[in-house]
Amino acid sequence: MPTVSLNSFKLHFVEQGQGTPLVCLHGFPLNHAMWKEQLAGLSYCYRVIAPDLQGFGQSELATSNSERLTMEQLADDVNALLDVLGITEPIVLCGLSMGGYVAWQFAKKYPSRLKGLIQCDTRAIADTPEGVANRHRLAGLVLENGAEVVSTAMLPNLFAAITSERQQAAISQMRDIIHANSPRTIAAALRGMAERPDVRAWLPQCDVPSLLICGIDDKISTVTEMQEMARSMPRANLVVVPEAGHMAPLENPAVVNAAIVEFIKQL
Ligand code: MLT
């Protein structure tokens with residue numbers, strides 16, 4: 001797995017295929033492996049690049065971000081990765097959930113680098129005050145007791161009931177990925193997500209062609225919420241994925257990959 005040095009830390013990523021760069025940003029608190037079905041199923045026609053975001057997987061956490069890892073910082077990392085890889089052509093950026101929060105920040109700050117935006121199972125709204133308090137409480141618990149606290153809290157909400165029955169191996173892989181992340185990174189990302197900006201008022205200005213994807217049983221970023229996002233964006237379409245929850249690209253890759261191919265074909 002290649003590594004690049006970005007300012008003060010090393011970032012790992014996987015890269016497969018050739019063609020339009022399709023950069024995939026993972027959710028919290030996972031790593032690039034959640035995109036395994038897109039790496040396998042889309043690299044025949046795209047250059048699929050899936051980084052471990054700063055601090056996650058095999059990427060290091062810069063000392064300056066050890067308290068708080070903001071979504072803007074993670075977007076800056078993606079920009080720096082493209083520079084290091086010498087990618088100057090516009091990319092298709094695809095984020096899931098936390099990766100989607102990062103993708104909004106990237107789209108706001110680096111719009112000229114984007115050919116298309118794919119937002120999977122993510123939100124535009126900021127956390128409520130109660131949500132912020134919960135994130136800070138969870139950050140404290142993770143630092144005290146380890147990453148198991150967060151896998152126990154999150155795993156029941158990631159997969160649809162139907163895929164939970166069928167995809168025990170994928171669930172246990174996600175559990176292992178969560179446990180392999182450092183409590184410090186998990187806590188820093190929780191604090192960063194807690195202060196992420198509400199981007200709903202900006203959505204009407206996001207004029208990059210966009211595909212929104214949502215698992216029909218997503219309990220974290222619901223279909224209703226993503227429908228509202230799609231309605232606010234001038235150039236967005238929503239695809240609702242059957243037999244999927246919050247991890248739609250992993251739970252139902254056939255439908256998600258077909259939607260991505262169709263979207264990129266029209267760009
Ligand atoms: C994720 O899947 O990245 C998380 O659900 C994001 C969040 O906690 O808001």
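First listed ligand is number 1; within each ligand, the first listed atom is number 1. As the structure is a prediction and not an experimental result, all values here were calculated from the model.
Geometrically, ligand 1 and His246 share a nitrogen or oxygen pair separated by less than 3.5 Å. In terms of polar-atom proximity, Met98 is counted as a contact of ligand 1, with an N or O under 3.5 Å from an N or O of the ligand.
In summary, Arg231 and Glu228 do not engage in a salt bridge, as defined by a charged side-chain N under 4.0 Å from a carboxylate O. Ion pair Arg123/Asp198 not flagged as a salt bridge, since none of the NZ, NE, NH1 or NH2 atoms sits closer than 4.0 Å to an Asp/Glu carboxylate oxygen. Ion pairing of Glu243 with Arg166 is present here, as a side-chain N (NZ or NE/NH1/NH2) and a carboxylate O approach within less than 4.0 Å.
At a threshold of 4.5 Å between non-hydrogen side-chain atoms, the residues His26 and Leu53 count as touching. Between Phe56 and His32 the shortest side-chain heavy-atom distance does not fall below 4.5 Å.
In this structure, the side chain of Gln16 does not engage the main chain of Ser43 through any donor-acceptor pair within 3.5 Å.
Looking only at protein heavy atoms, the nearest one to atom 9 (O) of ligand 1 is Tyr101 OH, 2.6 Å. Counting protein heavy atoms only, atom 8 (O) of ligand 1 is closest to Arg135 NH1, 2.8 Å.
Within the structure, ligand 1 has Met154 among the residues with a heavy atom less than 4.0 angstrom away.
Atoms of ligand 1 lying under 4.0 Å from at least one heavy atom of Phe28, given by number and element, are 1 (C), 2 (O), 3 (O). For ligand 1, the atoms closer than 4.0 angstrom to any heavy atom of Gly27 are 3 (O).
One option in Ser97, Ala189, Gly100, Cys120 has a heavy atom closer to atom 4 (C) of ligand 1 than any other, and that option is Ser97.
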